[in-house]
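Encoded as structure tokens, the structure appears first; notes follow it.
Here is how names work: the chains are called A, B, and so on, in the same order as the sequence lines, proteins then strands, and each is numbered from 1.
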Amino acid sequence: MPELPEVETIVRSLKPRLLQKKIGGLDILLPKIIHTENIKPNYLIGQTIINISRLGKNIVMELSEKCCLRIHLKMTGQLLLNLHGDTILKHTHVIFYLDKGRLELRYRDIRQFGYIQILTLNEWDFQRKNNSLGPDALEISFPAFLAKLRTQKRKLKSLLLDQSFLSGLGNIYVDEILHQAHIHPENSPQNLSTRQIRRLHEKMGNILQAAIQLKGSSVRNYIDASGEQGRYQTEHQVYGRAGLPCRQCGTHLKKIRVSGRGTCFCPYCQRLPIKG
DNA sequence: AAAGATGTTGCAAC
DNA sequence: GGTTGCAACATCTT
């Protein structure tokens with residue numbers, strides 16, 4: 001579920017309430033959720049949360065002793081901020097006890113694909129460089145975006161979903177961005193003019209910012225750390241609207257499979273160039 | 001009621 | 001390199 005706008009919303013809601021809080025302890029109810037390299041979970045006890053940030057869809061909580069938690073929510077992960085005594089929902093897998101036990105940060109994940117990685121700051125730096133985390137979709141400048149796209153032949157949808165190429169976009173926002181940019185998901189950057197790529201970059205920024213303003217898209221399970229739903233789903237032009245008329249031109253929206261993912265688009269607004 | 005789809009991504013196979 | 005299919009898992013829809 002959570003793509004860049006949802007993860008950004010979660011980070012913004014966590015930050016003011018978690019900075020400078022000390023981890024008093026933690027319960028690991030499902031061990032496979034915790035990924036450790038050299039640091040054991042017990043090392044976290046007594047540490048203070050000194051920063052929370054986002055890179056692509058990753059949440060990074062920096063701790064006082066030169067280490068951090070890198071959290072990936074994958075499809076159905078949730079970070080919830082609760083008071084001690086609040087009902088512990090089914091699928092809660094990790095609980096961090098903060099603020100002398102009054103506050104609890106809970107990791108919940110229906111499908112159990114997500115994880116919490118415990119890393120030294122050095123390990124995180126190494127991952128970020130080598131693990132091929134592409135530039136953040138909200139940070140990349142137009143010239144850098146243009147230059148990167150110019151080196152690629154792949155289908156736009158597959159490129160934009162590739163986190164090592166660009167990080168932060170997922171299935172919902174790629175479909176929305178390509179629709180507003182009037183680009184067919186299977187088109188290749190080779191067929192795009194600089195002007196079209198400029199439009200793509202603009203729409204990407206506009207859509208992501210608008211989605212953050214509305215606190216993300218809630219389809220199925222997404223809620224932020226306070227349990228609130230987002231409202232951007234009401235703005236969706238194509239995602240989840242297959243068979244319905246395009247809001248721009250009235251053509252029935254189509255659904256196809258591109259790079260293994262369900263893809264909604266408007267066959268009129270997003271035409272492929274005529275071959276030959 | 002079984003089969004297919006779901007916001008992600010890493011891996012094996014080709 | 002590239003793509004495809006599958007795997008992890010629970011839940012909801014056809």
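- Every side chain to side chain contact (heavy atoms under 4.5 Å, CB included) that A:Arg271 has, sequence neighbours left out, goes to A:Tyr268.
- Note on A:Arg154 versus A:Asp162: salt bridge recorded, some NZ/NE/NH1/NH2 to OD/OE distance being below 4.0 Å.
- Residues satisfying the ring-ring contact (aromatic ring centres under 6.0 Å, His included) criterion with A:Phe265, sequence neighbours excluded, are A:His184.
- Distance CZ (A:Phe165) to C1' (B:dT8): 19 Å, rounded to an integer number of Å.
- Between C:dG1 and B:dT8, the distance separating the two P atoms is 25 Å to the nearest Å.
- A:Asp125 meets the side-chain hydrogen bond (donor to acceptor under 3.5 Å, both in side chains) test with no other residue; sequence neighbours excluded.
- Computed from coordinates, the A:Glu6 CD to B:dT8 P distance equals 9 Å when rounded to whole Å.
- Residues A:Ser218 and A:Gly230 share a closest heavy-atom pair of OG-N, 2.8 Å.
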Its contact letters, B for base, S for sugar-phosphate only and - for none at protein heavy atoms under 4.0 Å, make nucleotides 3-10 of chain C read S----BBB
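- Taking side-chain N and O atoms only, A:His72 has a distance below 4.0 Å to OP1 or OP2 of B:dT9.
- Here the P atom of nucleotide B:dA5 and the CZ atom of A:Arg261 are 13 Å apart, to the nearest Å.
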Protein and nucleotides 12-14 of chain B: nitrogen or oxygen contacts under 3.5 angstrom:
none

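- Taking the side chain to side chain contact (heavy atoms under 4.5 Å, CB included) definition, one finds that A:Ala210 meets it with A:Tyr232, sequence neighbours left out.
- Every residue meeting the ring-ring contact (aromatic ring centres under 6.0 Å, His included) condition with A:Phe142, not counting sequence neighbours, appears here in chain and number order: A:His201.
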**Message:** The test is side-chain hydrogen bond (donor to acceptor under 3.5 Å, both in side chains); show your working for A:Glu3 and A:Tyr222 and say whether it passes.
**Reply:** CA-CA 10 Å; A:Glu3 304 179 28; A:Tyr222 170 73; over 6 Å; no
Dot-bracket assigned to DNA chain B with the 3.5 Å Watson-Crick/G-U criterion, [ ] for crossing and | for other-strand pairs, is .|||||.|||||||
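- Here A:His182 pairs with nothing under the ring-ring contact (aromatic ring centres under 6.0 Å, His included) rule; sequence neighbours left out.
- Note: NZ (A:Lys157) to C1' (C:dG2) measures 18 Å, nearest angstrom.
- Residue contacts for A:Lys57: at a heavy-atom cut-off of 4.0 Å it reaches the sugar-phosphate backbone alone, with no base atom in range.
- Annotation: C:dC9 and B:dA1 have their P atoms spaced 25 Å apart (nearest Å).
- Per the geometry, CD1 belonging to A:Ile33 stands 15 Å off C1' belonging to B:dT9, to the nearest Å.
- With sequence neighbours left out, the side-chain hydrogen bond (donor to acceptor under 3.5 Å, both in side chains) criterion links A:Asn122 to no other residue.
- Here B:dT6 presents its P atom at 11 Å from CD1 of A:Ile172, a figure rounded to the nearest Å.
- A straight line from CZ of A:Arg257 to P of B:dG4 spans 12 Å, rounded to a whole angstrom.
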Per-pair distances, 0.1 Å, donor-acceptor, side chain in residues 40-54 of chain A, under 3.5 Å, sequence neighbours excluded:
{"residue": "A:Gln47", "atom": "OE1", "partner": "A:Glu65", "partner atom": "N", "Å": "2.8"}
{"residue": "A:Gln47", "atom": "NE2", "partner": "A:Tyr43", "partner atom": "O", "Å": "2.9"}
{"residue": "A:Arg54", "atom": "NE", "partner": "A:Glu8", "partner atom": "OE1", "Å": "2.7"}
{"residue": "A:Arg54", "atom": "NH1", "partner": "A:Gly56", "partner atom": "O", "Å": "2.9"}
{"residue": "A:Arg54", "atom": "NH1", "partner": "A:Asp136", "partner atom": "OD1", "Å": "2.6"}
{"residue": "A:Arg54", "atom": "NH2", "partner": "A:Asp136", "partner atom": "OD2", "Å": "3.3"}

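- An OP1 or OP2 oxygen of B:dT8 is reached within less than 4.0 angstrom by no side-chain nitrogen or oxygen of A:Gln163.
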Can I get a per-line list of side-chain donor-acceptor pairs under 3.5 Å for residues 88-99 of chain A, giving both atom names and the distance, sequence neighbours left out?
{"residue": "A:Thr92", "atom": "OG1", "partner": "A:Leu89", "partner atom": "O", "Å": "2.6"}
{"residue": "A:His93", "atom": "NE2", "partner": "A:His91", "partner atom": "O", "Å": "3.2"}
{"residue": "A:His93", "atom": "NE2", "partner": "A:Asp109", "partner atom": "O", "Å": "2.7"}
{"residue": "A:Tyr97", "atom": "OH", "partner": "A:Asp27", "partner atom": "OD2", "Å": "2.6"}
{"residue": "A:Asp99", "atom": "OD1", "partner": "A:Arg102", "partner atom": "NH2", "Å": "3.4"}

